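Have a look at the structure below, then the notes.
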Amino acid sequence: MIEPSEGVTREPRIVHVALDVPIDRLFDYRLGADMQAPAGTRVLVPFGARETVGVVFGSATASDTPPERLRDVRRVFADLPPLPEHWRALVSFTADYYQRGVGEVAHAALPPRLRRAAPLALEPDAYALTEAGRAAAVSLPGRQKHRRALLEALAGQPWRAAADLPLATPAARRALHDLVAAGWIMPHARESAPCDAHPAPRHALNAEQQAALDAITGATGTFAPFLLHGITGSGKTEVYLRAAEATVRAGGSVLVLVPEIHLTPALESAFGATFPGETLATLHSGVAETERAIRFAHALTGRARVVLGTRLAVFTPLADLALVIVDEEHDTSFKQSEGVRYSARDLAVWRARDAHCPVVLGSATPSLESWHNAQTGRYRLLSMPQRARPGAKLPPVRLVDLRTEPMEDGLAVPLLQAIDATLARGEQALVFINRRGYAPVLACGACGWAAGCTRCAAHLVVHLPERVLRCHHCGLVAPVPRACAVCGNVDVVPFGRGTQRVEAALAARFPAARLLRIDSDSTRAQGRFAELAEDVREGRADILVGTQILAKGHDFPRVTLVGVLNADAALVAADYRAPERLFAQLEQVAGRAGRADRPGEVLVQTRRPDHPLYLALARHDYTRFAATLLDERRSAGFPPFVHEAVLRADAPELTDAVELLREALRAAPPRDAHVMVYEPVPMTLARLAERARAHVLVQSRSRRTLQAFLTAWREQVGHLRRRHDVRWHFDVDPLEF
Ligand code: ADP
Ligand code: ZN
Ligand code: ZN
């Protein structure tokens, strides 16, 4: 039997705390008599020899931990209202589904600033009495007049706005801080009141936009997943904005996820114009730590009503969530590829279900998973097959056959002629090649040696402006060798081409044109992309050369020609998702042409002009191409017709990684015919940053069966003896093989 340590109170004095440790359970701690820590509160606790911040997930009057091992909560953070039940449910679901510890997920879900052992200096905008505060108020000496006034103001009310509390003097504010520190008063998340959006000048919606908007707003208050399939330029942003406005006006809040905010400044400014000031909270990894925590807090308290963010924003605890939007839902950057490996798109759908609200997944080229869901009726399909601007049309696509057309420096003559004509009309041309750097390989013409990364199983990429070799996987930088490392031949040459080489070729061919290279090298500095995009829009560039950064949802009205180089390379990729991605990328980049009233054109250089992917692209026929791909996936037994997960291991030596996987297989729970488990194989990128990588693929037609198997298996893998330098993790719905 465990005696309550205080001996007097029956209140729950034990809290179950989620900690960022790789052991999947909650840890019990004793709460001091003067502390209040309801579920959702952050607390500082000792763990081993260190102290760490955890989140309270529950409480009890007694613990299974022996009293002599039970340690005390060191500190309770009362800077924010407790993280709400729906946030904890999201964290728990994520942990279960992605096979991680609740504490690891809770930690990853908090902005970094809130994981630190220092409270956020934030003035909450509402407060409520705690149990202890209610009890203590009775016996407070009359001379503590500020404390008494505060307790009286809060007594008998569920909560009160800070503005309505007697806080006029510094002494009164000190008293408030003392009461919060003593656990008598807590910050409170106020229920949000309806809030007005800014009436920005707007287009009148066309019939398709209106129909989409009506469907979304008509589903208010119910879980309703929509797939908004709108071609490039069909005006999806306008639909998102209006749906968000209607939701905020009705007192709800809105979560909007986008792949990369800094690459879509136009979307951000459209939302900024509609939702002024604190109503909009933008969240991404570029926001300074404290500011990010404050915005997270504002969403929690209902002060911010629209959260616009990248995948990490999916964990924002919005008050009164009433609409979820995922723009460019096919984009793979919604998948977190390190640490807790979650899909923000899929979690966004889960959140909408949990909050009983509509969710809109928007794309011109939906993921096959979402498309399949729309085909089978799990999602409602909303189509916008026309460009929104009057007169704007999808550009014709011309396939330039490299087997017959002459090339100059990697550029086919018809493309050069088209650029000439575009420049002559005073319009802009965009040349797309999805590879940055100068050349992807530096090789010896005599013996075939190629410069490789010493840390990865990958070639080093030549970067000419800095005259270095770079590894695009681990970031290693090496000098350009003067001679072949094997045979000493001094004639080492760059093979293939990247953006820098194409830029150089275009500069030589069009000396009078103003060239702009836009890739992750040229846009690394904060705000640089927005500047370059502005240059493009203002007509301060004639030819743009860039990677898929340029394919995202930009609106460059002067671009009328898009040239695509080297797309064939992706046709031979081993990954079964490669065609889906290539089509999406090309359709997106093609969609940059002719968005305004001037007609556009797309030229694709290829040696395989009869490939079904290009033929579909030439017709802008996503629907038929998706049907073809889905047929292939069905007969090959790939997602979305099966569900997948991998157990991955990495170690300095491949044999050790594989050995761990073999042991894991031996320890795997018995499986029925509905779970397929494959043999360990090295990953496609078999070595990354000095770690060899291998994995075991698991498939099942039933998600539930797969989940049950994984949960049982993880337990077993956790018990394996392993060398300290061998690591493992599960990746559920993996995108990387
Ligand atoms: P998408 O995101 O679907 O590719 P956008 O939302 O960027 O398309 O819209 C493309 C262009 O069409 C923008 O310049 C936008 O201002 C314009 N637009 C949107 N809706 C309308 C409309 N109803 N009438 C006229 N122009 C519109
Ligand atoms: Zn050589
Ligand atoms: Zn490397």
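This is a predicted model, so every value here is computed, not measured. Read the numbers this way: they start at 1 and go in the same order the structure lists the ligands and their atoms.
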message = With ring-ring contact (aromatic ring centres under 6.0 Å, His included) as the test, pick out the partner of F625 among F583, Y614, W371.
response =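 Running ring-ring contact (aromatic ring centres under 6.0 Å, His included) over F583, Y614, W371 with F625 returns exactly one hit, F583.
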request  = Pull up every protein N/O/S atom sitting under 2.8 Å from the Zn ion (ligand 3), skipping waters.
outcome  =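 Result, waters dropped: C453 SG, C456 SG, C471 SG, C474 SG.
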Would you kindly specify which portion of [X] sits under 4.0 Å from ligand 1, judged on non-hydrogen atoms: side chain, backbone, both or neither?
| X | answer |
| --- | --- |
| P557 | neither |
| H203 | side chain |
| M384 | neither |
| T237 | both |

key: D555, L267, L241: member with heavy atom nearest to atom 11 (C) of ligand 1   =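 Residue with the shortest heavy-atom distance to the ligand atom: D555.
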Consider ligand 1: state whether an atom of it lies below 4.0 angstrom from any non-hydrogen atom of [X].
| X | result |
| --- | --- |
| R595 | yes |
| G233 | yes |
| I231 | yes |

Answer yes when [X] and [Y] have at least one side-chain N-carboxylate O distance shorter than 4.0 Å, and no when they do not.
| X | Y | answer |
| --- | --- | --- |
| D731 | K335 | yes |
| R693 | D650 | no |
| E369 | R577 | yes |
| E329 | R345 | yes |
| R540 | E531 | no |
| R436 | D519 | no |

key: Minimum side-chain heavy-atom gap L442-L460 below 4.5 Å   =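 No. Closest side-chain heavy atoms not under 4.5 Å.
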query = For ligand 1, which atoms have a heavy atom of T232 less than 4.0 angstrom away?
reply =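 This gives 4 (O) as the contact atoms.
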ask   = If you count the atoms of ligand 1 from 1 in the order shown, which ones are under 4.0 Å from a heavy atom of N206?
value =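 What qualifies from ligand 1 is 23 (N).
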Close N or O approach ([X], ligand 1; < 3.5 Å):
| X | value |
| --- | --- |
| G235 | yes |
| R389 | yes |
| A204 | yes |

query = For residues 382-393, which residue pairs qualify under salt bridge (Lys or Arg N to Asp or Glu O under 4.0 Å), counting only residues two or more places apart or in two chains?
reply =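 Salt bridge (Lys or Arg N to Asp or Glu O under 4.0 Å) check on residues 382-393 returns R389-D555.
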query = Should the ring pair H229 and Y622 be called parallel, tilted or perpendicular, given that the plane angle runs from 0 to 90° and is split at 30 and 60?
reply =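 Plane angle between 30° and 60°, so tilted.
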ask   = Looking at atom 20 (N) of ligand 1, what's its closest protein heavy atom, distance included?
value =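 That would be Q209 NE2, 3.0 Å.
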query = Got the closest protein heavy atom to atom 19 (C) of ligand 1, with its distance?
reply =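 Ranking protein heavy atoms by distance from atom 19 (C) of ligand 1, first comes A388 CB, 3.5 Å.
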task = Could you please compute the angle at the Zn ion (ligand 2) from SG of C484 to SG of C447, rounded to 10°?
result =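 Vertex the Zn ion (ligand 2), arms to SG of C447 and SG of C484: 100°.
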message = Before you tell me yes or no, could you show the steps for Q548 and V589 under side-chain contact (heavy atoms from CB on, under 4.5 Å), namely the whole-Å CA-CA distance, both residues' side-chain angles and the distance that decides it to 0.1 Å?
response = CA-CA 8 Å; Q548 42 106 18; V589 74; over 6 Å; no
message = side-chain contact (heavy atoms from CB on, under 4.5 Å) for Q209 and Q386? Distances and angles first, verdict last.
response = CA-CA 10 Å; Q209 287 172 315; Q386 306 291 333; over 6 Å; no
inquiry  = With a 3.5 Å distance limit and no angle check, can you tell me whether E601 reaches the backbone of T560 through a side-chain donor-acceptor pair?
reply    =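 Checking the backbone N and O of T560 against the side chain of E601, no donor-acceptor pair under 3.5 Å is found.
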query = For the ring pair F529 and H554, is the centre-to-centre distance below 6.0 Å?
reply =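 That pair passes the under 6.0 Å test.
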